[in-house]
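If you're wondering where the values come from, they're calculated on a predicted model, not measured in any experiment.
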Amino acid sequence: MSSSTRLTLHSMGFSRWLNRSVGFFVFFILDIVDFLLCFTYRTLDFFFESEWKPCYCCPPPEAKQAAAGGNRGRKMIVSERSGEYSKVVSLTRTKIHLDEISDTLYSRPSLLAKLVKCFKKNAVECSDERSPSTKKKTLLTVNSTVVEKLQRTPRWSDCHCTFCTSWLSSSSSSLFVNVQQPKDNKAQENVVFIHGFLSSSTFWTETLFPNFSDSAKSNYRFLAVDLLGYGKSPKPNDSLYTLKEHLEMIERSVISQFRLKTFHVVAHSLGCILALALAAKHPGAIKSITLLAPPYYSVPKGVQATQYVMRKMAPKEVWPPMAFAASVASWYEHLSRTVSLVLCKNHHLLEFLTKLLTRNRMRTYLIEGFLCHTHNASWHTLHNIIFGSGSKIEAYLDHVRDNVNCDVSVFHGGRDELIPVECSYGVKRKVPRARIHIVPDKDHITIVVGRQKEFAGELELIWRRSSTT
């Protein structure tokens, strides 16, 4: 081994050590801040909404009391003991299964939590020594009262602008679907576009839709959907945004409403999980699957899938910036709510400032997609879909490999810092017929943005190839 190679390895090792050392102190401080914000938001919630709102860092009995304090008969609190943790679920919309709820919602270990737990344990032991009374276990019951309608009132910390609340003026509870079709309404084929996390249908309509050829525009009907909780779609404040909820809304709002018998699917990031789940559920309807930056992590045997995926995507590191941002969004419920309060509630101001500083040269559709959502939607979608599907996506890929007879194409940016290229190669190992396209010097967003004309042509080629096979 040459001296230059040894020096490079030593430098890389020192960089990792420095990153972890600095991260240890930074995230310990963030643990404390999030702990304090928990009490701050409980107070503000009670002040603005006249009830205590349960969160995932409060103990189950407290969550039960908070729910019982207001909206009697409207809440459904579910608790299930799981080792040393308890699942606490608040629901007003629809029935759920506990396996749809990711354990990463209530189990996000931190140094502060360990210290508090140790302190409580010592306090309980001391109390037991002074008063040897019989211990009583506090168990939560299940209140099965469920309201079968959307909780339509935005929370005080959500944006109340006309755009973000446009769904409230509609009597329909369907998702918003942006449709582009031939003028004679005689499309030969359908294409469903599913956006990624913290995005909206504009990710497709502002980039690809204008760049499709005249031939494609006259033969295909394009349907770009705003997922539940994003863009102009409903944002129920008590939904848990589970995989089942997202799928049912897509089926009802797109497949059933537009009577799709067959369709192509194009999906980005988070949307890839939903696309694979759709393919597994409707194998005969899928004509082609195109995945961009799929978040597939091959989970080692014996490892808890949800926790593994969360640590891979949000490793609690301060560098690179994308890893730090992902860590804050994933590990800290109240810090991420604060970010949402500051940015999402003031997205119009940010759009105005962006146009002002760039002299109106920059289009702000990405800001719209990134900020027009609620914290409840982003928090639960992140945990219940991206992390919670860690143990499911492998089964979906197996089903696509064995039961879905269609073209599978995967695109990934060579410089994607959020989802590594290895994820796409993992898809190739599970589905050998998948075609992998690594685009050099492109990241999680510029895999489409900035090369929309080229990518539109690549999609048309995939669809033509699928139609001839």
Side-chain angles (χ1 to χ4, degrees), residues 175-196 199-227 231-233 250 253-269 271-272 274-275 278-279 282 285-293 360-366 368-369 405-413 434-442 445-469:
L175 302 178
F176 173 79
V177 184
N178 194 315
V179 183
Q180 180 175 303
Q181 58 186 349
K183 294 180 180 179
D184 58 5
N185 294 328
K186 294 181 179 179
Q188 297 179 14
E189 298 184 43
N190 302 288
V191 186
V192 177
F193 294 85
I194 307 176
H195 65 77
S199 187
S200 71
S201 58
T202 57
F203 183 77
W204 310 111
T205 60
E206 295 288 336
T207 57
L208 296 180
F209 281 26
N211 286 289
F212 285 124
S213 66
D214 292 337
S215 175
K217 291 177 181 178
S218 62
N219 287 287
Y220 295 95
R221 175 168 56 172
F222 305 124
L223 305 105
V225 60
D226 279 346
L227 293 177
K232 295 182 180 180
S233 284
I250 292 174
S253 307
V254 183
I255 298 177
S256 297
Q257 183 171 332
F258 293 93
R259 299 176 182 177
L260 306 186
K261 295 182 179 179
T262 61
F263 54 93
H264 303 269
V265 182
V266 181
H268 177 237
S269 190
C272 296
L274 299 173
L278 272 177
H282 304 274
I286 307 297
K287 301 202 69 174
S288 73
I289 302 173
T290 304
L291 307 176
L292 290 82
N360 209 31
R361 289 194 298 265
M362 182 180 291
R363 302 180 70 184
T364 58
Y365 66 90
L366 287 177
E368 174 189 306
N405 185 24
C406 73
D407 183 283
V408 179
S409 300
V410 183
F411 291 81
H412 212 121
R435 293 181 172 91
I436 307 297
H437 307 269
I438 306 301
V439 185
D441 300 322
K442 299 300 179 182
I445 301 298
T446 56
I447 186 68
V448 174
V449 179
R451 61 181 298 270
Q452 47 262 39
K453 185 73 174 180
E454 180 182 353
F455 185 55
E458 292 168 341
L459 284 176
E460 291 182 35
L461 180 62
I462 291 171
W463 301 334
R464 287 197 299 270
R465 185 171 62 222
S466 300
S467 298
T468 58
T469 56

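Closest approach of G196 and S269 over heavy atoms only: CA-CB, 4.1 Å. Heavy-atom minimum distance, L292 versus C272: O-SG, 3.4 Å. For the pair I250 and L227, the tightest heavy-atom approach, listed with the atom from each and the gap, is CD1-CD2, 3.8 Å. Considering all non-hydrogen atoms of both residues, H195 and V225 come closest at CD2-O, 3.1 Å. Of all non-hydrogen atoms in S409 and R465, the two that sit nearest each other are OG-NH2, 3.7 Å.
Residue D214 qualifies as open at atom CG: its count of foreign heavy atoms under 6.0 Å is 12 or below. More than 12 non-hydrogen atoms from other residues, nucleotides or ligands lie less than 6.0 angstrom from NZ of K287.
Under the ring-ring contact (aromatic ring centres under 6.0 Å, His included) criterion, F209 pairs with F193, F222, sequence neighbours left out.
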Under 3.5 Å donor-acceptor pairs involving side-chain atoms of residues 257-267, not counting sequence neighbours:
unit_1 : atom_1 : unit_2 : atom_2 : d
H264   : ND1    : S288   : OG     : 2.7
H264   : NE2    : E189   : OE1    : 2.5

Which side-chain N or O atoms in residues 445-456 pair as donor and acceptor under 3.5 Å with protein atoms at least two apart or in another chain?
unit_1 : atom_1 : unit_2 : atom_2 : d
T446   : OG1    : D443   : N      : 2.7
T446   : OG1    : D443   : OD1    : 2.7
R451   : NH1    : I447   : O      : 2.9
R451   : NH2    : E454   : OE2    : 3.4
R451   : NH2    : E458   : OE1    : 3.0
R451   : NH2    : E458   : OE2    : 3.0
Q452   : OE1    : G450   : N      : 2.5

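Residues Y365 and T207 have side chains in contact (heavy-atom distance under 4.5 Å, counting atoms from C-beta outward). Here the side chains of W204 and H268 are in contact, with some heavy-atom distance below 4.5 Å.
Test T290, I286, I462 against D407 for side-chain contact (heavy atoms from CB on, under 4.5 Å) and you get one pass: I462.
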> Hey, mind stepping through I255 and L278 against side-chain contact (heavy atoms from CB on, under 4.5 Å) and telling me if it holds?
Replying inline: CA-CA 10 Å; I255 298 177; L278 272 177; 4.0 Å; yes
>> Using side-chain contact (heavy atoms from CB on, under 4.5 Å), reason through I436 and H412 one step at a time and then give a plain yes or no.
In response: CA-CA 8 Å; I436 307 297; H412 212 121; 6.0 Å; no
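In this structure, CD in E206 is found 11.0 Å from CG in N211, a value given to the nearest 0.5 Å. To the nearest 0.5 Å, the span separating CG on L175 from OG on S201 amounts to 10.5 Å. Put simply, NZ on K217 and CZ on F212 are 9.0 Å apart, with the number rounded to the nearest 0.5 Å. In this structure, CD1 on I194 lies 12.0 Å from CG on D226, to the nearest 0.5 angstrom.
For the 3.5 Å distance criterion, the side chains of T202 and S200 qualify, holding a donor opposite an acceptor.
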